[in-house]
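Structure first, then comments.
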Amino acid sequence: MATPDSSAGGNFIREIVEQDLATGKHRRIVTRFPPEPNGYLHIGHAKSICLNFGLAQEHQGITHLRFDDTNPSTESVEYVESIQADVRWLGFDWGDRLFYASGYFDRLYEYAVQLIKRGRAYVDSLSAEEIRKHRGTLTEPGRDSPHRTRSVEENLDLLARMKAGEFPDGTHVLRAKIDMAAPNINLRDPTLYRIRHVAHHRTGGEWCLYPTYDYAHPLSDALEGITHSICTLEFEDHRPLYDWFLDNLDVPSHPRQIEFARLNLTHTVMSKRRLLDLVGKGHVNGWDDPRLPTLQGLRRRGCTPEAIRAFCEHIGVQKRDGTIEMALLEHFIREDLNRRAPRVMAVLRPLKVVIENYPEGRTEELEAVNNPEDPGAGTRTVPFSRTLYIEQDDFREVPPKKFFRMTPGQEVRLRYAYIVKCVSVVKDERTGEAVEVRCTYDPETKSGGPQAGRKVKGTLHWVSAAHAKDAEARLYEHLFAKADPDDVPEGQDYSANLNPHSLERLEGCKVEPSLAGAKPGLRYQFERQGYFCVDPDSAKGRLVFNRTVALRDSWAKVEKAQQE
RNA sequence: UGGGGGAUCGUCUAGUGGUAGGACAUCAGACUUUGGAUCUGAUUACCCAGGUUCGAAUCCUGGUCCCCCAGCCA
């Protein structure tokens, strides 16, 4: 019954695949990931990528990467490149199986001719508006177009002339001849080809006639010998049409379309339209803004492909639509980074500390563990001296209950160094704000020394003032303040829920010197604070870190509870 | 009022006629030179109503609620 991690077990698609293999329906499965190159990939696509590539991998099958490039007016080579980079980054390899729907334009056209000859397609010369009016409504049947009865010869002639470029955009379309009274609207003579005098990013000016998704997709699948064509729920209604093309044409195979629920995440948006809107209106700084759920945003934020894959595996595949909590994604990010990120000390909001009884001008190199979760990660050395910085949050002149950090008279340990005690506070005369803390240290309590075992309630991270490097930190929170961005007062739109604190830039952070020259993309745990990733904005002598995700903070919970 | 789908802890997800399990989240505790990590414990669910059956989340009947579809987008 219950397996250790049952959510990582079977899903209905895996069952179908395994049954098809068991019954011999297929000897090898072939799946495909078919993005349209008109936008950047996001974590919702990752679910599909992991499903398609993962399923094939598990069963010694193969996966094609096929660009569904049937609409040249919105597509570009910029996107085909970024999509390939993102799929590779996620960790999947399509080998030499890179395809384009546009690569089948000739054959698709031949199939259209076949359809006409069989009396199953016709050229319609109604306007888009008229076609819409003829389509009927959800509850009323549609009406036949007056052109529905054109002869095969006339249809063939018209189609050839459409292809030849004799007609302007919108004057004619090729439609399947199915049933204008079908309760499923997709079967009311859907459009197969439309005229578009637009250059295509791959075929250039060769065509002015472009196939629709409904027509191109099943045929591309069949031509490639796809066994399982996995798509999202909204295409469920299109399946009868998908099958209709394959049943009415001499195709080499008949793939099975299977639909699953797309991924939704709390506190963010996933639709192409909204992502475009956020970028376009400047609510975020480009497609790779670390607050975005795009793969490029997640990567820049410091998220690993391993974490995304683990997340996708865990959430499973199903037909009911739901919304995953962002906390679950964050959990998988922490889990992965905890294992692999080197620890380092960094002070985000510095407060000066002077150790009065520590000799001026003296520096000690203290040994620090790089990663307690990974003994193989080794150790490094951090410089200690009389003047340090600690986190402003780690000092309180009047401590709240259960505050185990620095406060007058209370001993705390400085990580990898000594036990110190605050003896006085220097305050800004005007604001009353603490600007410097004076301490004494106990030389006997050096980490690893004779009195090192003495218990203190708190351990603080710190950096030596003279040795620290300056850095900028970018702290991120959810892009939207509410779990459901659409939860807005009447008359407002989702942008009303944009979280004004989704990005906080901290200049003047102080980090330990081992971080000097850290390359963009490297990930660290800033002890007691969170996981951080070096941002590409970093330059020589200028370090910029993105906070990928904060560490779990039980003090924050205590404090919050005390305030209530 | 047409057609197509779907309803299991707060959120995801197992279950396929035989004790409703897991993860995340939450709460409590242990441990800890990261208030991290780890470990322990706790709370919480089968949409509703009938029926079949020794036994129903699962099968049947009838409801309810939610999602998708009227692009020459995908």
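In what follows, chains are A, B, ... by sequence order, proteins preceding strands, each numbered from 1.
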Under 4.0 Å, heavy atoms only, any strand: does A:Y416 hit a base, just the sugar-phosphate, or nothing? base
Go ahead and write out RNA chain B as dot-bracket, 5' to 3': ( ) for pairs within the strand, [ ] for ones crossing earlier pairs, | when the partner sits on another strand, dots for unpaired; Watson-Crick or G-U wobble, both distances under 3.5 Å. .((((((..((((....[..)))).(((((.......)))))....(((((..]....))))))))))).....
How would you list, by chain and number, every residue that makes a ring pair (Phe, Tyr, Trp, His ring centres under 6.0 Å) with A:F33, sequence neighbours excluded? none
Glycosidic conformation of B:G41, taking syn as within 90° of 0 and anti otherwise: anti
Applying side chain to side chain donor-acceptor pair (under 3.5 Å) to A:R552 and not counting sequence neighbours gives none
Quick one: which of A:R413, A:R528, A:R415, A:E391 gives a side chain to side chain contact (heavy atoms under 4.5 Å, CB included) with A:L460? A:R528
Those residues at least two apart in sequence (or on a different chain) that pass side chain to side chain donor-acceptor pair (under 3.5 Å) with A:T31 are A:T63
Counting primed atoms plus P, OP1 and OP2 as sugar-phosphate and everything else as base, spell out the protein contacts along nucleotides 38-46 of chain B at 4.0 Å heavy-atom distance: B, S or - for each nucleotide, 5' to 3'. ---------
Side chain to side chain contact (heavy atoms under 4.5 Å, CB included) with A:C312: which residues, sequence neighbours excluded? A:A46, A:K47, A:C50, A:I308
Could you encode protein contacts along nucleotides 67-74 of chain B as a string, one character per nucleotide from 5' to 3', using B for base contact, S for sugar-phosphate-only contact and - for no contact, with a heavy-atom cut-off of under 4.0 Å? SBBBSBSB
Using a distance-only criterion (donor-acceptor N/O pair, under 3.5 Å, no hydrogens), is the base of B:U34 paired with the side chain of A:Q525? yes
Look at all strands and tell whether A:R239 reaches a base, only sugar-phosphate, or nothing, counting heavy atoms closer than 4.0 Å. nothing
By side chain to side chain contact (heavy atoms under 4.5 Å, CB included), A:A222 pairs with (sequence neighbours left out) A:L246, A:V251, A:S253, A:P255
Going by side chain to side chain donor-acceptor pair (under 3.5 Å), name the residues that satisfy it together with A:H267, two or more places apart in sequence or in a different chain. A:H478
With sequence neighbours excluded, what pairs up with A:A556 under the side chain to side chain contact (heavy atoms under 4.5 Å, CB included) test? A:D553
Between A:R150 and A:Y122, is there a side-chain donor-acceptor contact under 3.5 Å, judged purely by atom types and distance? no
Go through the structure and list residues passing side chain to side chain contact (heavy atoms under 4.5 Å, CB included) with A:V77, not counting sequence neighbours. A:E81
Atom pairs, N/O to N/O, protein against nucleotides 27-30 of chain B, distance under 3.5 Å?
none

